[in-house]
Amino acid sequence: MTLPAPSEPQGRAGVEGASARRPAGPSTVAPSTPAFSVPEANDQKKLTGVVPPVCTPLTPDREVDVRSLLRLVDHLVEAGVHGLFLLGSTSEAAYLTDRQRRYVVEAVVAHVGGQLPVLAGAIDMTTPRVLDHVAAVTDAGADAVVVTAPFYTRTHPAEIARHYRLIAAASSVPVVAYDLPASVHTKLPSDLVLELAAEGVLAGLKDSSGDLGGFRTVVTGARVHPDITGFSVLTGSELFVDSALALGADGAVPGLANVDPHGYVRLDALCRAGDWERARAEQERLCALFGLVGVGDPARMGGSSSALGAFKAALYLRGVIECAATAEPQVGLSADEVERVGKFLAGAGLL
C-alpha cells in the first residue's frame with residue numbers, strides 16, 4: 001500500500017493535562033523507523049509496522065470523548081506506531097452514528113497533522129452505503145479506507161470483486177480489504193485478493209480471519225506476482241505477530257496495541273532486526289496480557305463486549321481515557337472484572 005509521505009507536523013491540538021496522564025512504557029530496543037518518514041517531497045512508501053485499530057473513548061452518555069481520544073492518539077504516536085486505523089471493530093464502528101464516525105476522523109486527522117497515515121473504516125452492508133462512508137471519511141482527511149466484503153445480504157465472490165472494484169473506482173484514496181469472516185460471515189478468497197491487488201484495485205489487506213494458511217498464500221503471492229507492487233499485507237492478530245512477520249507480512253493491526261503500544265513497536269523492531277528469541281519472548285508477554293479480553297462473564301455478555309470492555313478498562317486504569325464505557329447495547333464489566341484487568345496489567349509491567 002502506497003500513500004503520500006506525511007507533511008511536516010502542522011501543530012497538534014493541545015489536551016489539558018495530557019502530559020501528566022500519559023503512561024510511559026518500558027523499552028529494551030529502539031523503535032523501528034516509522035513508515036512514511038522519508039522526507040523527500042512527493043515520496044511514497046509502503047505501509048509497514050504497527051497500525052493500531054484505535055479504540056473510540058465514549059462519555060458516560062455515549063458521545064465521543066474527544067479529549068480522551070486525542071490522549072489515546074498521543075499515547076500511540078509517542079510509542080512509535082507507524083499508522084492509525086480508525087473506525088474498525090476495536091473502534092466500535094458498528095455502534096457509532098455517521099455523525100460520530102466523521103467526528104472521530106476529523107479530530108484525529110487534525111491532531112496528528114500528517115505525522116503518520118490515518119486509515120479509516122468505511123464499513124457497511126452494501127456498496128452504495130459503503131460509498132457514502134468513503135466520501136465522508138476521505139472528506140474528513142483519511143489517507144486510506146478499509147472495507148469489508150458486503151454483509152447481511154448473501155454475495156457471490158464475483159459480487160464481492162465487483163464491490164471492491166466499484167469502491168476503488170470511486171475512491172480518491174487507496175482501498176484496503178478487511179477480511180473479517182467472524183462478523184461479515186464471508187471469507188475473502190486468497191486468489192480473489194491477489195487478483196484485485198494485481199489489478200491495482202486493492203492497496204492492502206488487513207487479515208483478521210485467523211486462517212494462517214490463507215494468510216501465507218497472500219503474503220507469498222504478493223511477493224512473487226509480477227503485477228503486484230506496493231501491496232501491504234497486515235495481520236489483525238494480537239497473538240501471531242512474530243509468526244506473521246517471519247512469513248513476510250508487512251505489519252500488524254492488533255487491538256491490544258491500544259493498551260501496550262510500546263510492546264508491539266518493540267516486537268516489530270525485534271522481528272525486523274532478526275532477533276527472533278527476544279521477539280518470541282516479547283510476543284509471549286503480549287499473549288499473556290491478551291488474556292484480559294476474557295475477564296467478562298460469558299453468562300451475561302458476549303465475547304466482543306468482554307474484549308472491548310477490557311481494552312477500555314485497561315486504558316482507564318493506565319490513565320489514558322476518562323471513562324471505560326462501551327457503546328450500547330454492550331454490557332459493561334463489573335468492578336471485579338475491572339480489577340482482574342488491573343492484575344493482567346500489573347503482570348505485564350504496565351501498572
Side-chain angles (χ1 to χ4, degrees), residues 1 3 47-48 50-56 83-96 101 104-105 117-127 129-134 136-138 142-153 155 157 159-168 170-171 173-197 201-212 214-215 217-219 222 231-238 240-241 244 249-255 257-258 304 307-308:
M1 172 183 171
L3 294 171
L47 179 62
T48 62
V50 180
V51 185
V54 182
C55 288
T56 306
L84 300 171
F85 171 33
L86 309 175
L87 305 184
S89 304
T90 302
S91 310
E92 300 175 271
Y95 300 93
L96 301 179
R101 289 189 185 196
V104 166
V105 179
V118 176
L119 291 68
I123 298 169
D124 214 317
M125 294 178 287
T126 56
T127 308
R129 298 181 65 84
V130 171
L131 288 172
D132 280 351
H133 291 301
V134 168
V137 299
T138 54
D143 297 300
V145 292
V146 184
V147 178
T148 69
F151 53 95
Y152 189 81
T153 60
T155 50
E159 294 166 323
I160 295 172
R162 179 170 173 78
H163 172 72
Y164 280 114
R165 290 184 179 114
L166 288 168
I167 291 164
S171 177
V173 299
V175 177
V176 176
Y178 189 177
D179 194 8
L180 187 65
S183 299
V184 175
H185 308 298
T186 299
K187 174 77 179 74
L188 291 179
S190 300
D191 58 348
L192 178 59
V193 171
L194 292 170
E195 176 186 338
L196 295 174
V201 169
L202 295 179
L205 171 71
K206 183 206 170 188
D207 189 318
S208 296
S209 70
D211 177 5
L212 294 180
F215 185 75
T217 298
V218 174
V219 169
F231 184 77
S232 296
V233 186
L234 309 170
T235 178
S237 172
E238 282 86 0
F240 297 104
V241 174
D250 296 296
V253 190
N258 284 275
S304 179
L308 295 175

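Counting begins at 1 with the first residue of the sequence.
In terms of modelled atom types and a separation under 3.5 Å, the side chain of E238 and the main chain of G255 share a donor-acceptor contact. Between the side chain of Y164 and the backbone N or O of V175, no donor-acceptor pair lies under 3.5 Å. Side-chain N or O atoms of S171 include none that pairs as donor or acceptor with a backbone N or O of I167 at under 3.5 Å. In this structure a side-chain-to-backbone donor-acceptor pair under 3.5 Å is present from S91 to V54. Here the side chain of T235 pairs no donor or acceptor atom with the backbone of A244 at under 3.5 angstrom. In this structure, D250 contributes its side chain and V233 its backbone to a donor-acceptor pair below 3.5 Å. When atom types are taken as modelled, the side chain of R101 and the backbone of A93 share a donor-acceptor pair closer than 3.5 angstrom. Panel note: side chain D143, backbone P117; no donor-acceptor pair is recorded below 3.5 Å. A side-chain donor-acceptor contact under 3.5 Å links H163 to the backbone of T148.
Contact check for V147 versus V176: no side-chain heavy atoms found under the 4.5 Å cut-off. By the 4.5 Å heavy-atom criterion applied to side chains, T90 and N258 are counted as neighbours. Contact of the L234 side chain with the L205 side chain is not registered, since no non-hydrogen atoms from C-beta on lie closer than 4.5 Å.
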List the steps, then state whether side chain to side chain contact (heavy atoms under 4.5 Å, CB included) holds for V145 with V173. CA-CA 7 Å; V145 292; V173 299; 4.0 Å; yes
Start with the C-alpha distance between M125 and T153, add both sets of side-chain angles, then the distance that settles side chain to side chain contact (heavy atoms under 4.5 Å, CB included), and finish with yes or no. CA-CA 8 Å; M125 294 178 287; T153 60; over 6 Å; no
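P189 pairs with exactly one of V193, T186, L192 by the side chain to side chain contact (heavy atoms under 4.5 Å, CB included) rule, that one being L192.
Across V137 and A120, no two heavy atoms sit closer than the pair CB-CB, 3.9 Å. Nearest heavy-atom pair, F151 versus D124, reported as atom, atom and distance to 0.1 Å: CE2-O, 3.0 Å. When all heavy atoms of S208 and L180 are compared, the closest pair comes out as CB-CD1, 3.8 Å. Across all their heavy atoms, L47 and S232 have their closest contact at O-OG, 2.9 Å. Heavy-atom minimum distance, G83 versus P52: O-CD, 3.1 Å. Across all non-hydrogen atoms, the minimal contact from T155 to P150 is CG2-CB, 3.9 Å.
To the nearest 0.5 Å, atoms CG (L119) and CG (L87) are separated by 11.0 Å. For the atom pair OG (S89) and OH (Y178), the distance works out to 3.0 Å, reported to the nearest 0.5 Å. Separation of atoms CG (L196) and CG (L188) is listed at 9.0 Å; rounding is to 0.5 Å. Here the CD atom belonging to E159 is positioned 9.5 Å from the OG1 atom belonging to T127, to the nearest 0.5 angstrom.
Qualifying salt bridge (charged side-chain N to carboxylate O under 4.0 Å, His left out) partners for D207, counting only residues two or more places apart in sequence or in other chains: none.
Under 3.5 Å, the side chains of Y152 and T126 contain no donor-acceptor pair of N or O atoms.
Using a 4.0 Å cut-off between charged nitrogen and carboxylate oxygen, E195 and R165 count as a salt-bridge pair.
Residue pairs satisfying the salt bridge (Lys or Arg N to Asp or Glu O under 4.0 Å) criterion with at least one member in residues 178-189, sequence neighbours excluded, are listed as follows: D179-K187.
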